[in-house]
Each structure stands twice: as structure tokens, then as C-alpha cells.
Amino acid sequence: MKSHVCSGASFLALCSFSCMASAGDIILKTELWDFICEVEVIVGPEVPGVFDGVLEFPGVQVGLEYVDGVVFTGEGRLCYRRSSVADDCYSDMNDWVCYTNYSDEPEIILIY
């Protein structure tokens, strides 16, 4: 009986690992016409708890520097936050918003 419990736990761990290994792209984009002073992005299975590798994107606006409003494309799990007052570079950052894509299809996430 004990060996079935261990093998069941091993199977679940293997399944969760294989799901993350085959995770699809997450495309972070904006359809806001307003200028967003800064957007921060972090990608990885343990984010936002692990803050290594935060990427900063200043001056986000549709149709200018970011082609088709796409700010960043990551894989698996992506978290982002932006300046709480869109055009105020000295405002605090919003709380992290996170998405995980377990499918093979890309998922588009819009910056709010």
C-alpha cells in the first residue's frame, strides 16, 4: 500500500513538471492609448516570489516603440505590474498580476 502512495506522488510531481515544460507563450501587450510610464515584467515558475531578473519597460504606448502593442513575450508563467498612475513616473507600482499558460497555444494578456 505504501508503494502505491509513493508512486502516485511521484506521478503527480512528474505530471506537474511536464506541464510546465510544455507551457506556451504569454504575450503581454497594451491596447491603452495612454502613455504608461513604466511596466515591470518577471518570468519563471516561482514568480513573483523570486525577484531575480525583473525587466523594466519605460514609456509604453500603443503603436510607437512597441510593435502592435506587444511589450514582452515570455513562456510558462509571467507576472507584470505598472506605474499606478499611468503617466506619473514617480507613482508607486501596482500589485503584481500573474498568468500561467499550460497550453501549446500563445495566450495574449492585456495590460490594464
Side-chain angles (χ1 to χ4, degrees):
M1 181 77 156
K2 195 174 191 178
S3 65
H4 291 293
V5 173
C6 290
S7 63
S10 299
F11 176 74
L12 288 175
L14 180 62
C15 284
S16 64
F17 177 75
S18 65
C19 287
M20 282 304 288
S22 65
D25 286 341
I26 299 174
I27 301 167
L28 181 65
K29 66 182 289 186
T30 182
E31 290 185 348
L32 297 174
W33 291 100
D34 297 332
F35 173 81
I36 302 173
C37 186
E38 184 175 11
V39 174
E40 293 181 344
V41 176
I42 190 166
V43 178
E46 298 177 5
V47 297
V50 177
F51 285 94
D52 292 339
V54 174
L55 305 168
E56 296 179 359
F57 298 91
V60 176
Q61 189 174 15
V62 170
L64 295 177
E65 192 171 326
Y66 301 95
V67 178
D68 296 328
V70 174
V71 177
F72 184 79
T73 300
E75 186 177 294
R77 181 166 174 79
L78 179 147
C79 298
Y80 82 91
R81 64 183 181 177
R82 69 167 177 87
S83 46
S84 57
V85 179
D87 61 352
D88 182 358
C89 296
Y90 298 102
S91 66
D92 293 333
M93 300 298 279
N94 285 350
D95 290 333
W96 289 102
V97 179
C98 299
Y99 297 90
T100 303
N101 184 358
Y102 294 109
S103 74
D104 292 334
E105 298 295 320
E107 184 174 346
I108 296 174
I109 304 302
L110 299 178
I111 296 173
Y112 63 92

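Scope of the values below: all heavy atoms of this structure, side chains included, with no hydrogens, waters or symmetry mates.
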A side-chain contact here means heavy atoms from C-beta on lying under 4.5 Å apart; do [X] and [Y] qualify?
| X | Y | value |
| --- | --- | --- |
| Ile109 | Leu78 | no |
| Val43 | Phe72 | yes |
| Val71 | Ile36 | no |

Of all heavy-atom pairs between [X] and [Y], which one has the smallest distance, and what is that distance?
| X | Y | answer |
| --- | --- | --- |
| Ile108 | Lys29 | CG2-CD, 3.4 Å |
| Ile26 | Gly76 | CD1-O, 3.4 Å |
| Ile111 | Tyr80 | CA-OH, 3.5 Å |
| Arg77 | Cys98 | NH2-CB, 3.3 Å |

Using side-chain contact (heavy atoms from CB on, under 4.5 Å) as the criterion, list what pairs up with [X], not counting sequence neighbours.
| X | result |
| --- | --- |
| Pro106 | Asp25, Ile27 |
| Ser91 | Ser83, Ser84, Val85, Asp88 |
| Val54 | Glu40, Ile42, Phe51, Trp96 |

Could you state whether Phe57 and Met93 fall into the same hydrophobic cluster, counting links through intermediate Ile, Leu, Val, Met, Phe, Trp or Tyr residues with side-chain heavy atoms under 4.5 angstrom apart?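 Phe57 and Met93: separate clusters.
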In terms of hydrophobic clustering (I, L, V, M, F, W, Y; side-chain heavy atoms under 4.5 Å; direct or indirect links), are Val70 and Val97 co-clustered? no
Considering residues at least two apart in sequence or located in another chain, which fulfil the side chain to side chain donor-acceptor pair (under 3.5 Å) criterion with Tyr112? Asn94
In Å and rounded to the nearest 0.5 Å, what is the OG1 to CZ distance from Thr30 to Arg82? 8.5 Å
